[in-house]
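First the structure, in the form of structure tokens, and then the observations on it.
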Amino acid sequence: MNGAPPVAVIGAGMAGLACAQLLAEAGCRVDIFEKSRGPSGRMSTRRAQDPQGGWQCDHGAPSFAAQDPEFVQEVRQWEQHGVAAAWRPRAVRLQGTDVVPAEAGPDRWVGVPRMTSPAAFLVQRLAQQGHGARLHLQATVQQLQYESACWTVHCAEHGQIGSEYCALVLAVPAPQAAALLEPVSPYAAALAASARMQPCWVAMLRTDAPLPLDWDAAEITDGPLCWVARDSAKPGRQGPQVPQGPQTWVLHASARWSQDHIESDAEYVARQLLQAFEALAGPLAGSLPGGLRVTAHRWRYALPAPHLVNRCWWDAPAGLGLCGDWMCGAGVEGAWLSGRALARRALATLTR
């Protein structure tokens, strides 16, 4: 490779980081742009303080599977470095008033001590590779330009960042990619616009005392909720080591309910999802010393339905690529595989 080809990656979720890592390992100079305060995308954790102390709750991807051999190897590295662990919750399926044991499936994995930890580990590995990889946080990409076979990136907070890039990767939800691409690549914009992504409202519940439930996670077939879990029971959290202490629960609304309430106020959503949870667990506030705290977060683009193409899309003449779980299959594994697949296709062009 002559020199270090400069590549811009928009999005520091799992797809963007996986793509950036492989590009950097091959000698590319990679700039990653992320609009949030930290990397990880939907592998997200809410951390907060209240009068009773600090607490956290994974309010994005609750866990992930690892089945593809390449991703299994990656997750084993995360496990060896202490940033991921297998999670085997006591799981049930709630069908009306019936409680049915959940069918056994593949092992689920979580970040340790929080869901953001694997992303932070990947950023650390990028920094150690010494190829000039840089992560720009709170950098909301607002405009792309393509002239003379080079890309430039303009951010709302800082204007143009970097100089010119020979390749551009978009690792963001499909609707966001479509809006950015419309002025510069109508075909890519149309491809992204054809994807359908479902929303998800998530409520985070903190209790001062344990709830009287003999399960840690439940799939729910009826009502506003589709999935709930005792977040504090995950590995590396307080979990069973403090059986009489505070707990955190995460409550996921169904895609249909989330869509019906997409523009609702977060406080209203939190109350509605708490009421739905109380219908399953019994009245909560009156039975817990000190009460409880609940807040809600909206993921406007949470899940692809279904994914579009085989892992990624790459336009070699323009040096333009798209990756993400909306191209490869929902979840952390799909996002990681998509990012790696795009990096390989890009390198076949960049290393000629």
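Note that the numbering runs from 1 along the sequence shown for the chain.
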Short N-O contact, [X] and [Y], less than 4.0 angstrom:
X: Arg93; Y: Asp98; result: no
X: Glu263; Y: Arg300; result: yes
X: Arg344; Y: Glu70; result: yes
X: Arg47; Y: Asp58; result: no
X: Asp214; Y: Arg230; result: no

Notebook entry, point to check: In the single-linkage hydrophobic clustering (I, L, V, M, F, W, Y; side-chain heavy atoms under 4.5 Å), do Leu303 and Ile220 co-cluster?
Noted result: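 Shared cluster, no.
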
Item checked: ILVMFWY cluster, Val72 and Val332 together (side-chain gap under 4.5 Å) ->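 No, no single cluster joins them.
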
Next item on the list: Would you indicate whether His154, at its atom NE2, is surrounded by more than 12 heavy atoms from other residues, nucleotides or ligands within a distance under 6.0 Å?
Entry: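 Enclosed.
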
Would you kindly say whether [X] and [Y] are connected by a side-chain donor-acceptor distance under 3.5 Å?
X: Gln77; Y: Arg125; result: yes
X: Arg108; Y: Ser63; result: yes
X: Thr140; Y: Glu157; result: yes
X: Trp299; Y: Ser258; result: no
X: Gln80; Y: Trp78; result: no

